[in-house]
Amino acid sequence: MEAEAAESPPGGVEAALSCFSFNQDCTSLAIGTKAGYKLFSLSSVEHLDQVHGSNEIPDVYIVERLFSSSLVVVVSHSKPRQMNVYHFKKGTEICNYSYSSNILSIRLNRQRLLVCLEEAIYIHNIKDMKLLKTILDIPANPTGLCALSINHSNSYVAYPGSLTTGEIVLYDGHSLKTVCTIAAHEGTLAAIAFNALGSKLASASEKGTVIRVFSVPDGQKLYEFRRGMKRYVTISSLVFSMDSQFLCASSNTETVHIFKLEHLTNSRPEEPSTWTGYMGKMFMAASNYLPTQVSDMMNQDRAFATGRLNFSGQRNICTLSTIQKLPRLLVASSDGHLYIYNLDPQDGGECVLIKTHSLLSSGTTEENKENDLRPSLPQSYAATVARPSTWSASTVPGYSEDGGALRGEIIPEHEFATGPVCLDDENEFPPVSIRNP
């Protein structure tokens with residue numbers, strides 16, 4: 001859920017943000033600019049609260065926050081081979097690590113921290129930042145594509161296994177062994193993502209027309225969705241909802257697609273005895289005799305819901321989150337805006353844009369007020385408000401409604417120099433500097 005903005009986006013639009021990423025449970029947004037970085041809370045639709053901002057490190061191109069804790073990882077273009085880990089509320093550096101080449105991406109959960117270079121992946125124990133494993137036998141990965149399960153009880157890792165095909169290597173971040181390889185696509189990979197439990201893995205190729213979901217750890221195909229047929233696109237973001245009922249994909253086009261992960265039961269109701277129903281049965285029966293590529297296309301599911309953007313060609317990322325007890329689609333773009341849509345979890349359809357926030361100004365601004373586009377909600381969606389919220393972070397073990405750890409749960413301990421230190425706001429982190437792992 002991280003994106004590095006292109007230096008020269010199509011259409012001549014200058015990228016205001018160098019990077020932007022949602023945290024692991026989609027309760028916070030981090031952005032990097034030439035001046036530094038900012039962290040925002042996503043607890044409200046009306047207001048975008050900035051929880052932290054720093055100009056100490058300029059030209060940031062990677063910034064990742066660990067859930068809703070005070071730990072943040074930052075990488076700057078001024079030192080692209082160095083990773084800095086901070087306790088931002090204390091204003092202290094926990095440690096820094098230097099590598100043999102530029103850092104392309106970073107992923108973290110409560111047990112592991114992943115650093116991806118073009119030809120290597122480093123796996124650290126987040127408790128003490130000890131280097132556990134260096135994966136060297138990987139094909140060149142110029143975009144730093146990799147994924148880490150946020151469920152620290154399994155800590156699965158996924159990364160491309162081929163330069164020419166869409167092969168995925170599934171790696172166990174605990175046992176530090178390869179689990180399996182998945183032949184996901186014919187073309188090279190563009191995006192991969194785990195669900196919150198680490199039991200499903202979604203993928204898309206560079207063509208961007210088909211999105212597949214596989215079971216973890218056995219790698220069996222569970223779902224296949226068709227994003228479109230008319231044109232190839234670049235998938236920039238792929239993310240599950242926290243309850244794994246939905247999968248969201250954004251690209252360089254003006255449409256965000258949301259797919260619903262459900263299987264139709266075999267006991268379908270009897271089709272009405274009409275000409276249309278009869279032709280439908282004949283059409284499905286004929287698919288058994290068509291070429292495999294054609295029949296596969298007929299069996300692929302289409303988008304359950306869509307979100308329309310007022311731009312195309314700009315780098316963007318999307319996520320699905322519960323804000324104020326309702327499911328929302330969030331899209332952050334490289335021009336420095338966050339778009340919030342209502343999602344109807346029952347009927348789908350087109351998502352309704354209800355708020356646009358500027359990420360380059362702090363607090364509620366006049367621009368944000370003018371972009372309050374709250375239309376009247378469809379009756380079918382209004383019924384959702386009256387229902388108890390079933391889409392919640394609480395459906396995932398170890399999470400609470402506010403996006404942090406459950407009350408009383410101790411977030412991972414750090415043992416850097418002076419003994420155990422917890423990742424909360426009451427403890428100081430001893431500084432540590434480590435070079436060339």
Side-chain angles (χ1 to χ4, degrees), residues 1-4 6 19 21 61-62 64 75 80 99-109 112-124 133-150 154-173 175-195 198-225 227 232-240 247 249-252 315 317:
M1 283 178 282
E2 177 187 6
E4 181 178 349
C19 66
S21 64
Y61 73 94
I62 294 177
E64 293 283 347
V75 183
Y99 299 86
S100 57
S101 61
N102 290 359
I103 300 170
L104 301 179
S105 64
I106 289 175
R107 302 287 182 264
L108 38 134
N109 64 23
R112 296 289 181 259
L113 186 150
L114 235 65
V115 179
C116 185
L117 313 183
E118 182 171 354
E119 296 182 346
I121 296 176
Y122 293 84
I123 302 178
H124 294 268
K133 181 71 175 181
T134 304
I135 305 175
L136 295 172
D137 54 340
I138 65 173
N141 185 9
T143 62
L145 180 62
C146 66
L148 172 67
S149 166
I150 68 170
N154 53 51
S155 291
Y156 288 119
V157 179
Y159 59 90
S162 171
L163 274 173
T164 57
T165 67
E167 181 181 273
I168 302 174
V169 177
L170 183 62
Y171 190 88
D172 190 323
S175 66
L176 304 177
K177 296 179 180 178
T178 299
V179 177
C180 69
T181 57
I182 304 171
H185 302 270
E186 292 183 1
T188 53
L189 293 170
I192 48 178
F194 287 101
N195 68 336
S199 59
K200 294 182 177 66
L201 176 67
S203 66
S205 71
E206 288 187 342
K207 290 182 179 180
T209 54
V210 175
I211 296 170
R212 296 186 173 101
V213 178
F214 302 89
S215 60
V216 175
D218 55 5
Q220 298 298 310
K221 186 172 70 174
L222 299 175
Y223 305 92
E224 186 168 273
F225 303 106
R227 190 212 57 80
Y232 293 163
V233 302
T234 302
I235 301 292
S236 58
S237 182
L238 194 61
V239 61
F240 289 90
L247 177 66
S250 67
S251 65
N252 58 340
R315 188 73 169 166
I317 57 173

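Any value given below was found using the heavy atoms of this structure, including those in side chains, with hydrogens, waters and symmetry copies removed.
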- Message: The criterion is side-chain contact (heavy atoms from CB on, under 4.5 Å); which residues satisfy it with P139, sequence neighbours excluded?
- Response: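 L163.
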- Query: Listed by chain and number, what are the side-chain contact (heavy atoms from CB on, under 4.5 Å) partners of S101, not counting sequence neighbours?
  - Reply: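 Counting only residues at least two positions away or on another chain, S101 forms a side-chain contact (heavy atoms from CB on, under 4.5 Å) with L117.
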- Message: Distance alone, cut at 3.5 Å: any donor-acceptor contact between the side chains of D172 and S155?
- Response: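 Looking only at side-chain atoms, S155 and D172 do not form any donor-acceptor pair under 3.5 Å.
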If you measure from [atom1] on [X] to [atom2] on [Y], what distance do you get to the nearest 0.5 Å?
X	Y	atom1	atom2	value
L238	F194	CG	CZ	12.0 Å
I211	E224	CD1	CD	10.5 Å
N252	T234	CG	OG1	4.5 Å
I103	E118	CD1	CD	14.0 Å
E119	L104	CD	CG	10.5 Å
L114	S105	CG	OG	7.5 Å

- Pairs flagged by side-chain hydrogen bond (donor to acceptor under 3.5 Å, both in side chains) wherever residues 135-149 is involved - sequence neighbours left out: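 Of all non-adjacent pairs touching residues 135-149, those that pass side-chain hydrogen bond (donor to acceptor under 3.5 Å, both in side chains) are S149-N154.
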Just distance, no hydrogens or angles: give the donor-acceptor pairs under 3.5 Å from side chains in residues 177-185, sequence neighbours left out.
{"unit_1": "H185", "atom_1": "ND1", "unit_2": "R212", "atom_2": "NH1", "d": "3.0"}
{"unit_1": "H185", "atom_1": "NE2", "unit_2": "S203", "atom_2": "O", "d": "3.4"}
{"unit_1": "H185", "atom_1": "NE2", "unit_2": "S203", "atom_2": "OG", "d": "2.8"}

- Task: Check step by step if side chain to side chain contact (heavy atoms under 4.5 Å, CB included) holds for I123 and I135.
- Result: CA-CA 8 Å; I123 302 178; I135 305 175; 4.0 Å; yes
So do the side chains of [X] and [Y] get within less than 4.5 Å of each other, counting heavy atoms only?
X	Y	answer
V210	F225	no
K200	Y223	yes
R315	S236	yes
I106	L108	yes
V213	L201	no

Which heavy atom of [X] sits nearest to which heavy atom of [Y], and what is that distance?
X	Y	result
A158	I168	CB-CG2, 4.0 Å
G173	L176	O-CD2, 3.4 Å
A191	I235	CB-CG2, 3.9 Å

- Dump the intermediate steps for side chain to side chain contact (heavy atoms under 4.5 Å, CB included) on R107 and E64, then the final yes or no. CA-CA 8 Å; R107 302 287 182 264; E64 293 283 347; 3.9 Å; yes
- Output all residues satisfying side-chain hydrogen bond (donor to acceptor under 3.5 Å, both in side chains) with E206, sequence neighbours left out; order by chain, then residue number.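 Residues passing side-chain hydrogen bond (donor to acceptor under 3.5 Å, both in side chains) with E206: T188.
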- Message: For N102, give me all partners under side-chain hydrogen bond (donor to acceptor under 3.5 Å, both in side chains), at least two apart in sequence or on another chain.
- Response: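 Residues passing side-chain hydrogen bond (donor to acceptor under 3.5 Å, both in side chains) with N102: none at all.
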- Would Y156 and Y171 count as a close aromatic pair, with their ring centres under 6.0 Å?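 Between Y156 and Y171, the centre distance exceeds or equals 6.0 Å.
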- Task: Please step through side chain to side chain contact (heavy atoms under 4.5 Å, CB included) for the pair V169 and I138, ending with a clear verdict.
- Result: CA-CA 9 Å; V169 177; I138 65 173; over 6 Å; no
- Task: Just do the side chain to side chain contact (heavy atoms under 4.5 Å, CB included) check on T134 and I121 with the steps written out, would you?
- Result: CA-CA 6 Å; T134 304; I121 296 176; over 6 Å; no
